[in-house]
Asker: 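This is the structure, below, for whatever I ask next.
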Amino acid sequence: MRIATWNVNSLKVRMPRVEEWLDYAKPDVLCMQETKLADSQFPALAFSGLGYESVHHGSGQWNGVAILSRVGIDNPIYGFCQGVEADQDTRLVTATCGGVKVTSVYVPNGRALGDPHYDYKLSWLERLRAHLEHTADPSEHVLVCGDFNVAPEDRDVWDPKRFVGSTHVTEPERKAVASLLDWGLHDALRAKHQEDRLYTYWDYRAGDFHQHRGMRIDLVLLSESLLTRLEWVLIDRFARKGKLPSDHAPLLVDLAIEEAAAR
DNA sequence: ATGGTCGAGTATCGA
């Protein structure tokens, strides 16, 4: 079973690239972030024609998250579950796909230290942990993926010195992500790859992509039962190239689960 | 030269 996450940075602009990508990457499940669409604008019919059922949680203009699945999509939860303080934005959606509890997340950026948005980011990550505690058990097949807007370690940014005093690398942000791992999740890419210079995001500006000045801020987190079934992990840098790319690359995992059996 | 580009929407703000 192949599951991918991709911050598409406007699905309206990116739809041709997403369709092209589905055609060659052939994921069973694709989580998207920053669709920047209202639910009424989401092209569910187009995805249906490509064989994917979908759920979308968006309010238009900013944020917006989705899950596409060709292995079933059940029990959707839009935003944080009951019992967790509601989100002001549309930044996560959860559903069961082929026996895996999947959550697609777009963690707030934080903007700057001391900005109210930074506190919102930390609160949001705490609420994400509460959401998982309410809706899943770490002994199940649980996968949480998306744009975390946090680089877990210094080796996950192209030049740690340049990020001192910035968001994405601070101890509180990293501890908030580590708290998700403490609950029972594992960083899929780091389970397979220890090398430096593995990034999923490159700023559009200043030729950052060609200079490989990037950050690893998109993550796939797996519960133990999925970690033992993890076959490989890939960052598709090809999708960051060419005409009208997103500033993020897709991140894919292959899991040794029979889709039919899981369903 | 301490910026640089996108995408929202149509002046700037957010990333």
Side-chain angles (χ1 to χ4, degrees), chain A residues 5-21 30-43 46 56-66 79 87-93 104-125 128 145-152 156-170 172-174 176-177 199-219 235-251:
Chain A
T5 180
W6 194 6
N7 179 325
V8 296
N9 186 16
S10 173
L11 187 56
K12 188 190 282 182
V13 172
R14 216 66 61 209
M15 191 62 179
R17 295 294 302 254
V18 171
E19 288 183 310
E20 170 196 47
W21 192 82
L30 172 61
C31 295
M32 290 185 285
Q33 300 85 35
E34 282 208 87
T35 63
K36 299 186 179 178
L37 295 177
D39 292 335
S40 61
Q41 302 170 294
F42 184 75
H56 180 258
H57 184 46
S59 52
Q61 194 164 11
W62 290 303
N63 316 306
V65 287
D87 191 5
Q88 67 193 57
D89 297 335
T90 52
R91 293 181 175 274
L92 84 160
V93 65
S104 175
V105 306
Y106 175 48
V107 178
N109 174 284
R111 294 180 190 164
L113 274 61
D115 190 299
H117 206 261
Y118 178 79
D119 296 323
Y120 167 53
K121 181 179 193 174
L122 295 179
S123 157
W124 199 95
L125 284 164
L128 175 57
C145 66
D147 178 358
F148 283 77
N149 271 315
V150 177
D156 296 317
V157 298
W158 64 275
D159 183 2
K161 295 190 296 294
R162 299 282 279 257
F163 287 86
V164 173
S166 306
T167 59
H168 294 60
V169 300
T170 67
E173 291 166 277
R174 286 176 170 171
V177 170
Y199 309 132
T200 62
Y201 162 82
W202 301 261
D203 198 300
Y204 284 124
R205 290 171 287 190
D208 275 7
F209 179 67
H210 284 95
Q211 302 293 326
H212 202 48
R213 292 190 288 254
M215 306 171 74
R216 190 174 75 91
I217 55 177
D218 300 270
L219 307 175
I235 300 166
D236 182 8
R237 291 184 73 257
F238 182 82
R240 179 63 179 77
K241 303 178 184 179
K243 208 180 202 179
L244 288 176
S246 170
D247 43 4
H248 294 251
L251 173 65

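We name chains A, B, ... by the order of the sequence lines, and we start the count at 1 in each one. Values reported hereafter were calculated over all heavy atoms of this structure, with side chains retained and with hydrogens, waters and symmetry mates removed.
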Asker: Ignoring hydrogens and geometry beyond distance, is a side-chain donor-acceptor pair present between Tyr199(A) and Asp208(A) at under 3.5 Å?
Answerer: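 Side chains of Tyr199(A) and Asp208(A): no pair found under 3.5 Å.
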
Asker: Taking the side chain of Tyr204(A) as heavy atoms from C-beta outward, which of dT5(B), dA8(B), dA15(B) is closest to it?
Answerer: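 Selected nucleotide: dT5(B).
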
Asker: Let me spell it out: for each of Thr35(A) and Arg162(A), pick the nucleotide of DNA chain B with the closest heavy atom. Which residue's pick is nearer the 5' end?
Answerer: Arg162(A)

Asker: Rounding to a whole Å, what distance do you find between Asn7(A):CG and dC6(B):C1'?
Answerer: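 Rounding to the nearest Å, CG of Asn7(A) and C1' of dC6(B) are 12 Å apart.
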
Asker: Counting only side-chain nitrogens and oxygens, does Ser10(A) get under 4.0 Å of the OP1 or OP2 atom of dC6(B)?
Answerer: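 Result: no.
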
Asker: Which nucleotide in the list dA8(B), dT5(B), dA15(B) gets nearest to the side chain of Arg91(A)?
Answerer: dA15(B)

Asker: Between the side chain of Arg14(A) and the main-chain N/O of Leu244(A), is any donor-acceptor distance below 3.5 Å?
Answerer: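 Judged by distance alone, yes, a pair lies under 3.5 Å.
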
Asker: For the pair made of CG in Leu37(A) and P in dA8(B), what is the distance, rounded to whole Å?
Answerer: 8 Å

Asker: So which one's nearest nucleotide on DNA chain B is more toward 5', Glu34(A) or Leu11(A)?
Answerer: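 With Leu11(A) and Glu34(A) compared, the 5'-side residue is Leu11(A).
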
Asker: Under the criterion side-chain hydrogen bond (donor to acceptor under 3.5 Å, both in side chains), which of Thr5(A), Asp147(A), Asp218(A) is the partner of Gln33(A)?
Answerer: Thr5(A)

Asker: Over how many whole Å does the gap from Asn109(A) atom CG to dG7(B) atom C1' extend?
Answerer: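 Those two atoms, CG and C1', are 15 Å apart.
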
Asker: Can a donor-acceptor pair be found, under 3.5 Å and without considering hydrogens, that links the side chain of Asp39(A) to the backbone of Gly58(A)?
Answerer: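 Indeed, once roles are kept as given, a pair shorter than 3.5 Å links the two residues.
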
Asker: Report the distance from atom CH2 of Trp202(A) to atom C1' of dC6(B), rounded to the nearest whole Å.
Answerer: 16 Å

Asker: dC6(B) and dA1(B): how far apart are their P atoms, nearest whole angstrom?
Answerer: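 Per the computed distance, 25 Å lies between those P atoms.
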
Asker: To the nearest Å, give me how far apart NE2 (His248(A)) and C1' (dA15(B)) are.
Answerer: 8 Å

Asker: What distance, rounded to whole Å, do you find between the two P atoms, one in dA15(B) and one in dG9(B)?
Answerer: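 These two P atoms come out 15 Å apart once rounded.
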
Asker: Classify Arg14(A) by what it touches in the nucleic acid, base, sugar-phosphate, or nothing, heavy-atom distance under 4.0 Å.
Answerer: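 Here Arg14(A) touches the backbone only, sparing every base.
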
Asker: Can you tell which of dA8(B), dG7(B), dA15(B) lies closest to the side chain of Asn9(A)?
Answerer: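 Per side-chain heavy atoms of Asn9(A), the pick is dG7(B).
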
Asker: Among the nucleotides dG9(B), dT5(B), dG7(B), which one has an atom lying closest to any side-chain atom of Arg205(A)?
Answerer: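 Nearest to the side-chain atoms of Arg205(A), counting from C-beta on, is dT5(B).
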
Asker: Rounding to a whole Å, what distance do you find between Arg213(A):CZ and dT5(B):C1'?
Answerer: 13 Å

Asker: For the pair made of NZ in Lys36(A) and C1' in dA15(B), what is the distance, rounded to whole Å?
Answerer: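 Rounding to the nearest Å, NZ of Lys36(A) and C1' of dA15(B) are 7 Å apart.
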
Asker: Taking only residues two or more places apart in sequence, or in another chain, which ones meet Tyr118(A) in a ring pair (Phe, Tyr, Trp, His ring centres under 6.0 Å)?
Answerer: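 Scan of Tyr118(A) (ring pair (Phe, Tyr, Trp, His ring centres under 6.0 Å), adjacent residues dropped) gives none.
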
Asker: In whole Å, I'd like the distance from the CH2 atom of Trp62(A) to the P atom of dG9(B).
Answerer: 8 Å

Asker: When you compare dG14(B) with dT10(B), how far apart are their P atoms, in angstrom units rounded to a whole number?
Answerer: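 After rounding to an integer number of Å, I get 15 Å for this pair.
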
Asker: Write down the distance separating the P atoms in dT2(B) and dA11(B), rounded off to the nearest Å.
Answerer: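 Per the computed distance, 28 Å lies between those P atoms.
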
